[in-house]
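The basis for the numbers below is simple: all heavy atoms, side chains too, and nothing from hydrogens, waters or symmetry mates. Quick note on labels: first sequence line is chain A, next is B, and so on, each numbered from 1.
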Amino acid sequence: MNCSPPFGAGISVISMSRKGDLLSGLIVSITGLVFLLSTIGIKRPRIGLGSAGFPRLVTVCLIVCGVILVLRALLSKRVVVKPSRIDTRFVLNLVGLVASFVLYLYLLKKLGFLITTAPLLFFAMYVFGYRKHFMNVVLSVITSLLIYYVFTVVFKVPLPRFSL
Amino acid sequence: MINYWLEGLRIAFQPLNLLIMLVGVASGIVVGALPGVTSSMGIILLLPFTYYMKPETALLMLTGMYCASMFGGSIAAILLRTPGTPSAAATSIDGYPLALQGKAGKAISAALIGSFFGGIASGVCMVFLAPLLARFALKFGPPEYFALAVFGLTIIASVSGKDLLRGLISGLVGLLLSLIGIDNITGSQRLTLGIDALANGFNFLPVMIGVFAVSEVLNRLEKKGERAQITASLGQLFLTWEEMKSLVLPIVVGIIVGTLIGVLPGTGGAIATFLAYNELRRWSKNKEKFGQGALEGVVVCETANNAVTGGAMVPTLSLGVPGDAVTAVMLGAFVLIGVRPGPLMFTQQANIVYSFFAGWFVIQFMMLAVGFVSIILAPNILKIRDEVLMPIVLVLCIVGSFSLRNSVYDVGVALCFGVLGYLMRKAGFPMPPLVLGLILGPMAEQNLNRTLLIAKNDWTILFKRPISLTLLLAAFVSVTLSLIGAYRASKKEATRS
């Protein structure tokens, strides 16, 4: 197994999976710690678990598991893996889709379901690679109308509506 | 008992319920057939449509989706070699070679017949075993329920995939999420980190929508453009008499293995299908045909796959503990539509239980009929493009999470958990343990608290009562076996590399 660092001598190189384990382990441990600390101050009853008993058990287990993951990363053999290239287009699409969803959430109550959903659908289809723009518009509008009709008329769910 | 059955049959045969079951079955086949849309996702996406239905009607619709999606998975497995559901993975071993030989139609027909018999047999098993187990579970007190929840949580080990530690972390995250908000025991807030919006905790459905559906949409975005091609025509649909006769043994093997595996918590369809396939191949006179396009290989997998469904419903219905990852989602869905699985369900909601039992068999016949139509339409179902499907799934996620409480906050929760679920998947954390933690967390905490109140903080009570001791021992054995399995697998991996 080749253990030599590819970026020059003296630079410690951790393979992507080890890096992943290390990062995941740290995030898990810190999350556990934050929630464990938030239980400080909750009084323990004379009998029974109380509000903090079970959360403490779970968070401590989470911290321990996170630490094991970190240790596993540090103790595992260093394997040099070909660094995988990040697909910039995919990252942009992903960020764009999530951002459009966040914007949609912001506008949903203000503009209503129909006005906001059709553009979201259009954008999502575009991001997924659907390039027939006319069909995209038609599908977006029809799908939004259909879902709106089914939920508001058939199931009586009051989806947000635009009002001045 | 007979009265309950008659009432159940009356409910199941109401025209509206028949129509609802038909919708459930048809959508189940489509969901199962589409790679990337799992049974769990289908059940979650169907849930918003059931809010305003009677619980028994909603239950029948979800059951239709659950059973039919198991068969639907075989369509993509045979035509694309991409299993629509994880439990259809073994089906492609012989199904795809059959498709290449121009016998896809026959392979899917055989899969359908196997699925039908598997569903019927496991239904019979469920009808007999679930009430028995529920009657036994009436003896349970808080210590037994706590031990049962612990045993249920050991399922995490078997649904964790390759990395047990990551599965455990995922389960603990689920447990942690279930604890955020107002504590049911004392009524005080906890783990909210000062964020007011967290005071009510996380509702189960938006979390599930996020973790299973939104994260899958984001995941499919990465795979856009990867599209398997249907390589063969369907060919003939109907089997010859000789071929029909050759299906008897695989169906019997599939039923036995599938039902037994299904009843065991923490197993599931994927294990059952591979086990049944191996057993049949071992005993078959035509071993060499397996893997080259043996109709028996397809049938045994699909029979076992559907035989798991009824078996997995036994602990779900009678104990409120899911048998596998899909029934964990079903269990959550039951609670949302107002059905409370557990031993008391058999006395307090008997009409729901028996309409479910009766509907189960009706659904199998519907699956048989709709399934044959779906074989003809299969190539068209598989032509549904991700570019169109996934955005629609996204909008259904929005509507589904919104309509639970008419709250935009829940849609935000679904989005946050979608992103979290996506990142967790990318980091190799499996999702089913998270759901198990989310479901079993409150059960474990509340019953442990009650146990300690009864026993005045004496933890040894858990080991003094025979049933709780047995369940804890079973949990210990289950975890030990999983650890041994994981150790052996890692050793094998190390030897290979």
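Contacts between L105(A) and chain B at a heavy-atom distance below 4.5 Å involve backbone atoms as well as side-chain atoms. Contact annotation for L97(A): only side-chain heavy atoms (C-beta onward) come within less than 4.5 Å of a heavy atom of chain B. Of the two parts of V150(A), only the side chain, counted from C-beta on, holds a non-hydrogen atom closer than 4.5 Å to a non-hydrogen atom of chain B. Both the backbone and the side chain of V408(B) come within less than 4.5 Å of a heavy atom in chain A. For chain B, the nearby part of R72(A) is the side chain; its heavy atoms alone come within less than 4.5 Å. Looking at L121(A), both its backbone and its side chain come within 4.5 Å of chain B, counting heavy atoms on both sides.
The choice from C61(A), G48(A), G66(A), S51(A) that makes the most heavy-atom pairs within less than 4.5 Å of chain B is S51(A). Of all the listed residues (L452(B), D183(B), L172(B)), the one sharing the greatest number of non-hydrogen pairs under 4.5 Å with chain A is L172(B). Taking chain A as the reference chain and counting heavy-atom pairs below 4.5 Å, the highest number among N406(B), L396(B), L415(B), V411(B) is found for L415(B). Counting heavy-atom pairs closer than 4.5 Å to chain B, the top residue among S140(A), C65(A), A124(A), S144(A) is C65(A). Annotation: maximal heavy-atom pairing with chain B below 4.5 Å, among Y104(A), Y148(A), F122(A), occurs at Y104(A). Comparing I454(B), T192(B), V217(B), L389(B) by how many heavy-atom pairs each has under 4.5 Å with chain A, the most go to V217(B). For the set V173(B), V399(B), L175(B), T451(B), the count of heavy-atom pairs under 4.5 angstrom toward chain A peaks at V399(B). Ranked by heavy-atom pairs shorter than 4.5 Å toward chain B, the options G53(A), G50(A), P160(A) are led by P160(A). For the set V28(A), L94(A), I68(A), L108(A), the count of heavy-atom pairs under 4.5 angstrom toward chain B peaks at L94(A). Of all the listed residues (T39(A), T117(A), L69(A), I42(A)), the one sharing the greatest number of non-hydrogen pairs under 4.5 Å with chain B is L69(A). Across L394(B), V214(B), L423(B), L176(B), the residue that shares the most heavy-atom pairs under 4.5 angstrom with chain A is L176(B). Ranked by non-hydrogen atom pairs under 4.5 Å with chain A, the options M53(B), Q189(B), E445(B), M424(B) are led by E445(B).
Across every non-hydrogen atom of L336(B) and N203(B), the tightest pair is CD2-OD1, 4.3 Å. The nearest pair of heavy atoms linking S100(A) to L120(A) is OG-CD1, 3.7 Å. For the pair V211(B) and R425(B), the tightest heavy-atom approach, listed with the atom from each and the gap, is O-NH2, 3.8 Å.
The CG atom of L177(B) sits 7.5 Å away from atom CZ of F35(A), with the distance rounded to the nearest 0.5 Å. Rounding to the nearest 0.5 Å gives a distance of 9.0 Å between OG of S215(B) and CG of L420(B). Rounded to the nearest 0.5 Å, atoms OG (S178(B)) and CG (L434(B)) are 10.0 Å apart.
Using a 4.0 Å cut-off between charged side-chain N and carboxylate O, R131(A) and E387(B) make no salt bridge.
Ring geometry, F90(A) versus Y422(B): the interplanar angle falls from 30° to 60°, so the pair is classed tilted.
For the pair K132(A) and F134(A), the cation-pi criterion (under 6.0 Å, within 45° of the ring axis) is not fulfilled.
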request  = Assess whether ring-ring contact (aromatic ring centres under 6.0 Å, His included) is satisfied between F151(A) and F113(A), documenting all intermediate values.
outcome  = CA-CA 11 Å; F151(A) 277 87; F113(A) 179 82; 8.3 Å; no
